[in-house]
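First comes the structure, then the notes that go with it.
Index from 1, following the sequence. Treat the numbers as computed from the prediction; the structure is a model and nothing was measured. All ligand and atom numbering here is 1-based and tracks the order in the structure. Because only heavy atoms are used, hydrogens play no part in the values below, and waters and symmetry mates are left out as well, while side chains stay in.
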Amino acid sequence: MTDPRPRHLLLAASAFAVLMTAACGGTTIDDAQEEDTSGPTGTADPDAEIPEGLKMDFLPKQLNNPYSDIVNEGGAVAVEELAGEFTERGGTEPTADSQVEYINAASQAGSDVIVIAANDPDAVCPSLDQARDNGAAIVGYDSNANCTDIFVNQSSDELIGRTLVEMISEQIGGEGTFAVLSATPNATNQNAWIAAMEEVLAEEEYADLELVDTVYGNDDDLQSFQEMQGLMQSHPDLDGVVSPTTVGIAAAARYVSDSEYKGEVAITGLGTPNQMREFVEDGTVDSFALWNPEELGYLAGYAGAALSAGRITGAEGETFEAGDLGDYTVEADGEIVLGPPTVFDADNIDDFDF
Ligand code: RAM
């Protein structure tokens with residue numbers, strides 16, 4: 001069997017297998033702080049050892065999402081390099097209720113680090129706060145909650161919003177109407193990106209672009225397909241759709257590729273090259289964007305271990321090494337940004353395999 005780890009990360013695995021030493025406490029949680037325990041506590045020690053056997057639990061929004069599968073593969077690579085214990089926990093629906101159950105299970109199992117893509121910014125917080133009281137460092141990735149210690153963001157929200165607006169504007173010739181096909185209504189990341197798009201749309205350059213509707217496919221393929229169909233029924237003259245979710249954009253493209261709207265309605269947003277390739281090849285989609293999801297999980301793994309060990313506390317300006325990806329700096333509000341998104345089109349899509 002081939003090793004499932006991506007090639008560029010494999011290279012790092014051997015080099016970093018050396019990191020482990022004796023186990024010690026594992027968290028920097030200041031027990032004295034009682035109410036809002038999120039945010040930096042204590043002082044960072046950049047040389048602190050990362051203990052062997054850190055229990056790191058990755059909770060994506062849902063399990064059956066091709067995007068989070070890739071993200072968590074990257075997380076597993078990082079945890080292996082750090083000689084930790086990787087566990088993925090979650091249900092098949094992207095709901096906060098199901099996440100609460102898995103947060104509690106992780107905490108009861110003695111989790112040192114919970115890495116979560118929150119389905120709601122607040123509903124998961126009471127159980128995350130309890131998990132923190134029980135010794136876990138709390139890391140947001142993909143979609144943040146209001147009570148995480150740090151947040152590993154795929155890119156800046158502003159840049160993602162701007163990239164989405166630039167793509168739709170270019171594809172519909174700078175003027176016309178478009179809709180957003182989002183994931184779930186409470187997802188922090190989706191809402192932050194839609195808000196960022198609205199800010200960019202207010203700029204003079206985009207005065208002739210109008211966002212006429214926002215609908216939610218709940219990161220379910222069939223629901224997203226039906227929402228796309230519904231959009232065309234409610235807005236037969238729509239010029240384009242932006243779907244900032246990998247599930248939504250693939251479903252929207254599939255609907256359009258087989259319909260009278262092919263070539264008439266632009267579909268763009270955030271998707272994986274492997275899911276979108278056929279729609280770029282058949283001319284349904286001109287361009288779309290994403291980052292490397294595997295690198296997001298890998299970075300979250302390293303960031304979580306650094307936080308748990310006390311190498312960082314989440315304060316702005318702290319730096320840490322993220323294995324093969326190099327050094328990262330904690331920005332304002334404990335945010336760690338992976339990097340700029342890549343735009344994929346017919347010219348470059350075959351250079352990517354995720
Ligand atoms: C979907 C999810 C995820 C988002 C990606 C781009 O898979 O909604 O949260 O970051 O798309």
Of all the atoms in ligand 1, which lie at a distance below 4.0 Å from a heavy atom belonging to [X]?
X: Lys61; value: 2 (C), 3 (C), 8 (O), 9 (O)
X: Asn189; value: 3 (C), 4 (C), 9 (O), 10 (O)
X: Gln190; value: 8 (O)
X: Asn65; value: 1 (C), 7 (O)
X: Gln154; value: 10 (O)

Min side-chain heavy-atom separation [X]-[Y] under 4.5 Å:
X: Ser68; Y: Phe58; result: no
X: Glu93; Y: Ser98; result: no
X: Met197; Y: Phe178; result: yes

Using modelled atom types only, decide if a donor and an acceptor are shared between the side chain of Thr148 and the backbone of Phe151 within a distance under 3.5 Å.
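Looks like no, no N/O pair under 3.5 Å.
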
Nearest neighbour in protein (non-hydrogen) for [atom]:
atom: atom 10 (O) of ligand 1; value: Asp142 OD1, 2.6 Å
atom: atom 7 (O) of ligand 1; value: Thr246 OG1, 2.7 Å
atom: atom 2 (C) of ligand 1; value: Asp219 OD2, 3.2 Å

Using a 3.5 Å cut-off and no angle test, enumerate the donor-acceptor pairs between side-chain atoms of residues 208-218 and protein atoms at least two apart in sequence or in another chain.
residue : atom : partner : partner atom : Å
Asp213  : OD2  : His235  : NE2          : 2.8
Asn218  : ND2  : Gln223  : OE1          : 2.8

With Glu203 via side chain to side chain contact (heavy atoms under 4.5 Å, CB included) - residues at least two apart:
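In terms of side chain to side chain contact (heavy atoms under 4.5 Å, CB included), with neighbours along the sequence ignored, Glu203 is linked to Arg162, Val200, Tyr206.
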
Can you tell me if Trp193 contacts ligand 1 (heavy atom of the residue under 4.0 Å from the ligand)?
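Trp193: in contact with ligand 1 (<4.0 Å).
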
Does the gap between the ring centers of Phe352 and Phe344 come in under 6.0 Å?
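That pair passes the under 6.0 Å test.
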
